[in-house]
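Step one of this worksheet: look at the structure below.
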Amino acid sequence: MNKLTKEKLIADKNIAQLLSYLDAEFGIARTSKNPKIASVFVFGSKISGESLAEDDFDIEIVFYDQRHITDSNLSKIRAFAKVFEKKLDIFVEHINDYGDGTFKASANNRFASKTLLFREVATGVTIAGENVLDKINLTRIPEEEQYGYLNTAFSYFYDKKYAKAILVAAQALELTELKLNDFKTYNAIVLRLKNKLQSNLQKILETAYLAKIGKSAITELEAEKFLKFVGGKIISYT
């Protein structure tokens, strides 16, 4: 796997353009006298190397003041990045959501906010400003987030991202046992579940991982079968 370091990320032409724009428009900590942005970091499977060339870069922009976290600011930043040859999926958050570990995700992800925070901390690489990721007080993932994270898996399924849907569902299956390092790669969940699943389900999981990195393909039927299995298991736990 080709993992991305800070040096590789900031050397990327598109990311460098984005950082230059953000610093000029809002100011970034450590490079601006009156910064509005505390931190900028990249996270997700692009960092672990478990992605395809055409996959998005997930970029989080952390503001000091809630007043700057607006739809208009987010739209403006996304519009600037839209012309880039690389796809940058941009998110904005408030610094307190990281400092005290309360992170409130939006839309479907709000039901698995702690889990997603673990994922950001595990895979995140700070490319500008403060390293807020090192200051987060992570507490255990609550049991009820199994439902929320399974819902996240289904959202990927409906977007036809079948490989990712299976891998996220597999994480949901083991969620209450997972530690921070288990979120660094998707391969970690494949290894964790080895010899715990029936052979046909294990084969689907392994194929999904290969599909995630562009070395195989997974079908809608296989994804549906795996998600139904995980859903049944999670319901039986409670």
Exam field: side chain H94 to backbone V62, donor-acceptor pair closer than 3.5 Å:
no

Measuring only between side-chain heavy atoms, which start at C-beta, is I90 closer than 4.5 Å to L18?
yes

Using 4.0 Å as the upper bound for N to carboxylate O, is an ion pair formed by R192 and E177?
no

Please lay out, stage by stage, how F84 and F57 fare under the test side-chain contact (heavy atoms from CB on, under 4.5 Å).
CA-CA 12 Å; F84 292 166; F57 282 79; over 6 Å; no

For residues L180 and L191: do they belong to one hydrophobic cluster (side chain heavy atoms under 4.5 Å, members Ile, Leu, Val, Met, Phe, Trp, Tyr)?
no

Could you tell me whether a side-chain N or O of K46 sits under 3.5 Å from a main-chain N or O of L52, the two making a donor and an acceptor?
yes

Heavy-atom pair with the smallest gap, counting every atom of L150 and G231
CD2-CA, 3.6 Å

Do we see a donor-acceptor contact under 3.5 Å between the side chains of Y186 and Q171?
no

Mind checking the CD1-CG spacing from I189 to L205? Nearest 0.5 Å is all I need.
7.5 Å

Short question: side chain of T207, backbone of K203 - any donor-acceptor pair under 3.5 Å?
yes

D182 versus A188, closest heavy-atom pair with distance
O-CB, 3.6 Å

Heavy-atom closest contact (A29 atom, P35 atom, distance):
N-CB, 3.4 Å

Evaluate whether atom CD of Q198 has more than 12 neighbouring non-hydrogen atoms of other residues, nucleotides or ligands under 6.0 angstrom away.
no

In chain order, what residues pass the salt bridge (Lys or Arg N to Asp or Glu O under 4.0 Å) check against R67, with sequence neighbours excluded?
D65

Side chains of Y162 and E222, heavy atoms from C-beta outward: is any pair under 4.5 Å?
no

So how far is it from L22 CG to I61 CD1, rounded to the nearest 0.5 Å?
4.5 Å

Could you grab the distance from atom CG of L19 to atom CD1 of I59, nearest 0.5 Å is fine?
7.5 Å

In Å and rounded to the nearest 0.5 Å, what is the CZ to CD distance from F63 to E93?
11.0 Å

Report yes if some heavy atom in the side chain of I234 is under 4.5 Å from a heavy atom in the side chain of Y147; otherwise report no.
yes

Supply the atom-to-atom distance I47 CD1 to T185 OG1, rounded to the nearest 0.5 angstrom.
13.5 Å

When rounded to the nearest 0.5 angstrom, what distance separates NZ in K114 from CD1 in I141?
8.5 Å

Output yes when a side-chain donor or acceptor of K212 lies under 3.5 Å from a complementary backbone atom of K164, and no otherwise.
no

Going by heavy atoms in the side chains, are L178 and F118 under 4.5 Å from each other?
no

K13 bridged to E85 by N-O distance under 4.0 Å
yes

Once side chain to side chain donor-acceptor pair (under 3.5 Å) is applied, do any residues pair with S32, and if so which ones, sequence neighbours excluded?
none

Smallest heavy-atom separation, A208 atom then I218 atom, equals N-CD1, 3.8 Å

Tell me if a side-chain donor or acceptor on D89 pairs with a main-chain N or O of D56 at a distance below 3.5 Å.
no

Whether over 12 other heavy atoms sit under 6.0 Å from D159 CG:
yes

Would a 4.5 Å heavy-atom cut-off, applied to side chains only, mark L197 and L173 as touching?
yes

On the 0 to 90° scale, with breaks at 30° and 60°, tag the Y21-F26 ring pair as parallel, tilted or perpendicular.
perpendicular

If you look only at pairs with a residue in residues 20-40, which of them pass as a salt bridge (Lys or Arg N to Asp or Glu O under 4.0 Å), with sequence neighbours excluded?
E25-K76

Crowding at NZ, K215 (>12 non-hydrogen neighbours, <6.0 Å):
no

For A112 and T152, which heavy atoms make the closest approach, and how far apart are they?
CB-OG1, 4.3 Å

Side chains of V125 and T5, heavy atoms from C-beta outward: is any pair under 4.5 Å?
no

Treat each ILVMFWY residue as a node, draw an edge where side-chain heavy atoms are under 4.5 Å apart, and state whether I77 and V83 are in one component.
yes

Considering non-hydrogen atoms only, spot the tightest contact between N14 and D12 and give its length.
N-OD1, 2.9 Å

Are Y209 and L221 in one and the same hydrophobic cluster, where Ile, Leu, Val, Met, Phe, Trp and Tyr link if side-chain heavy atoms are under 4.5 Å apart?
no

Do the rings of Y149 and F183 sit parallel, tilted or perpendicular, given the 30° and 60° boundaries?
perpendicular

Contact between K233 and V230 at the side-chain level, heavy atoms closer than 4.5 Å - yes or no?
no

Keeping the roles fixed (side chain from E50, backbone from N187), state whether a donor-acceptor pair exists under 3.5 Å.
yes

